[in-house]
Protein chains: 2
Amino acid sequence: MKKLRIKDIANDLNISKTAVSFILNGVAQEKRISEELVERVERYIREVGFRPSPIARGLRTGKSNIIGLMVESISDPFFATIARLIENMAYKQGYRIIYCSTDNDTEKTKELINVLRERNVDGYIISPPPGVEKEINELIRAGLPVVMFDRYLPKVKTDYVVIDNEFSAENATRYLIHQGYRNIAFITFSSSLTQMKGRMKGYRTALKEEGLKPYVMEIDFTPEEKVMVQGVREFLAANPKLDAVLFGAIQAGSCGLKAITQLKLKVPQDLAVISFDDHDIFELFSTPVTAIAQPIDKIAHKVISILLERLEEGDNAAAPKEIVLKTKLKVRKSSVPAK
Amino acid sequence: MKKLRIKDIANDLNISKTAVSFILNGVAQEKRISEELVERVERYIREVGFRPSPIARGLRTGKSNIIGLMVESISDPFFATIARLIENMAYKQGYRIIYCSTDNDTEKTKELINVLRERNVDGYIISPPPGVEKEINELIRAGLPVVMFDRYLPKVKTDYVVIDNEFSAENATRYLIHQGYRNIAFITFSSSLTQMKGRMKGYRTALKEEGLKPYVMEIDFTPEEKVMVQGVREFLAANPKLDAVLFGAIQAGSCGLKAITQLKLKVPQDLAVISFDDHDIFELFSTPVTAIAQPIDKIAHKVISILLERLEEGDNAAAPKEIVLKTKLKVRKSSVPAK
DNA sequence: ATGAAAGCGCTAACAG
DNA sequence: CTGTTAGCGCTTTCAT
């Protein structure tokens, strides 16, 4: 049972390769191939289960039917969930996904873009690290659609899907203030990315309005989680006046909860807690944790549908879509009113 | 700045395509190309940053430098973590990953294997659903290396990396018994796969030794988590005699903890808990949950190194490696002695 | 040591 | 409406 080629089909049916190719590519009508022949070829193809080689096709057309997905780390539950949803929708349209974890590393990301590019990836979904503006702009100039999400690069004019970070953080902080908390920390990963800047800004705005003092801790990311947990623990221990904390991302929240557990702090009596992103751990923590939930389904849906649209229409001329989605503050017990 | 081809390099340097190709493929020595020319070509290539097209190469050689990774769901934290580790090691050896979520669906998996195959994926890492023996055997017959993990197919003779499920479950169950628990349930996803069978068997063995009665619940998987949580809740409510439960997988455990929380059961006073797989949620749950931790790093490492070895050596003749790794029972407060 | 040439499987321009 | 043909960029055999 050797692998069939278009040529074999043509031979078997005593017609030309071209005809088969046209039919395969759905241009039979405009090439004025008879209904009857189309039918005959299609039936035969179905019978023998022929599928044209995507590689040969790719070499010829420069298309691959592959979408490149670049996120900070595929093991992060936020990105993993998004990846899963995107995979599903892309698959239905005949696209496969090659994914890469950038580690938020500029050089690595540049190299990854190269790698994907030489595989003729048709479109890119990127949660970009800083510093890759040039490379992404080159993709766009080459007519390849790029959709950013989670964060964006202000200097790059292309579609993106993000959440309203500033408002979300401001809202959560203000909520803590209204609950009676006064010494509210913001703990997050150090980052120059838009989403973290927005969260920080929202936090500061809410505090300033009330004339409260900010306490900010930036965690240096390391793969050794223990080190980060210890960092948070030391920060909390060094600032006993704190009565509440807002975590700027799920990993920060997860490190923070571990630190809090180690310090045997009672939530919310000793320390109220809110974290960005929602996850099982927040629901199941000893005191369920109030979370700023991102609309993950909606993000994934928007991202992939924008990309598929660009891919189908080839309309890279259309104005970039800049989608900002709302988050939802899921109030749980970790942020009940201070006594 | 047009994209270079081998031909261009050859022209620029006034030599033949062949020479360049040989040098590119590291066979210069055995083709007896002069040191000096090799040096000259390599320098030029470095200077202009030339990289040969993997697609053209793929069409010609039938190799893709891509590894297919098929797991139940990439959003599952266990698989996402493994995927991440595998990605890293594969990348260093010049391999990219295309991933697919099988949903544990036999037909979908067959189709996915087809898709990967026609892309000339060089090797497969599969956490297989039942019923794909034939397809995998065909891959093997075609000389393509396949490494299974998490579970395996007894009828397929190929490498696999799993944990000692039976012993792990037996050990954990016995541990509960020794702590004084007598009515121990096993809650898991319904599955005919080796790993679940092993876990079930271990559980039953430990109970039988002590003449205890088994309480088994098989959760039907649905994407609607709420439905599954409710199922567990009803089961627990219907069996008030239970004093302990062993969850057969992390999702079961996570559903279970939610059910337990909803029922306001105290752990371990009302119900002791142990779960397969370890995760933040178990560490951070109101009563930290004893977990059977899989050696994730080691699994990923074994899987990818076995595959890379097969890929490098082309030694698909070598006997299949059947690796069984040990788990670690991480004892936490959810399983302290019954009063 | 090097070069010419065939061919991987497909698409699409062009000529009938 | 159909057939011929020229590549896409690379590897590799065979002849030089």
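Within every chain, numbering begins at 1; the chains are lettered A, B, ... in the order of the sequence lines, protein sequences first and strands thereafter.
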Spacing of [X] atom [atom1] relative to [N] atom [atom2], expressed in whole Å:
X        : N       : atom1 : atom2 : value
Ile33(B) : dT16(D) : CD1   : C1'   : 15 Å
Ile23(A) : dC10(C) : CD1   : P     : 14 Å
Lys17(B) : dG7(C)  : NZ    : P     : 14 Å
Ile6(B)  : dC8(D)  : CD1   : P     : 14 Å
Leu24(B) : dG9(D)  : CG    : C1'   : 12 Å
Leu13(A) : dC1(D)  : CG    : P     : 17 Å
Arg40(A) : dC1(D)  : CZ    : C1'   : 14 Å
Glu36(B) : dA1(C)  : CD    : P     : 11 Å

Between Ser73(B) and Arg84(A), is any side-chain donor less than 3.5 angstrom from a side-chain acceptor?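 Yes, because at least one side-chain N or O of Ser73(B) sits under 3.5 Å from a partner of the opposite role on Arg84(A).
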Side-chain donor-acceptor pair under 3.5 Å between Asp122(B) and Tyr95(B), yes or no? no
Sequence neighbours excluded, the answer for salt bridge (charged side-chain N to carboxylate O under 4.0 Å, His left out) partners of Glu47(A) is none
Axis bend over the full length of the helix from dA1(C)-dT16(D) to dG16(C)-dC1(D), computed from five pairs that close each end, to 10 degrees: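 Comparing the axis at each end, I get an angle of 50°.
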Below 3.5 Å between N/O atoms, which protein atoms pair up with nucleotides 14-16 of chain C? Just atom names and distances, please.
none

Cationic N near anionic O, under 4.0 Å, [X] to [Y]:
X         : Y         : value
Glu133(B) : Lys157(B) : no
Arg141(B) : Glu138(B) : no
Glu72(B)  : Arg151(B) : yes

Enumerate the residues from residues 41-68 of chain A whose closest heavy atom to DNA chain C is under 4.0 Å, giving them by residue number; use none for an empty result. Phe50(A), Pro52(A), Ser53(A), Ala56(A), Arg57(A), Arg60(A), Thr61(A)
Side-chain N or O of Ser16(A) versus OP1/OP2 of dG3(D): is the shortest distance under 4.0 Å?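 Yes.
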Suppose we screen for ring-ring contact (aromatic ring centres under 6.0 Å, His included). Which residues come up paired with Phe78(A), at least two apart in sequence or across chains? none
Flag the pair Phe149(A) / Tyr160(A) as yes when their ring centroid distance falls below 6.0 Å, and as no otherwise.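 No, the ring centres sit 6.0 Å or more apart.
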Considering only side-chain heavy atoms of Arg5(B), which listed nucleotide, dG3(D), dT11(C), dG9(D), is closest? dG9(D)
Base, sugar-phosphate, or nothing for Ile15(A), non-hydrogen atoms under 4.0 angstrom? sugar-phosphate
Look at atom NZ of Lys298(B) and say whether more than 12 heavy atoms of other residues, nucleotides or ligands are closer to it than 6.0 Å.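 Not more than 12 within 6.0 Å, no.
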Can you tell me how far the CG atom of Asp103(B) sits from the OG1 atom of Thr109(B), to the nearest 0.5 Å?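 Output value for this atom pair is 8.0 Å.
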Which side chain to side chain donor-acceptor pair (under 3.5 Å) pairs, counting each pair once, include a residue from residues 48-58 of chain B, with sequence neighbours left out?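 Checked against side chain to side chain donor-acceptor pair (under 3.5 Å) - neighbours excluded - the pairs reaching residues 48-58 of chain B are Glu111(A)-Arg51(B), Glu118(A)-Arg51(B).
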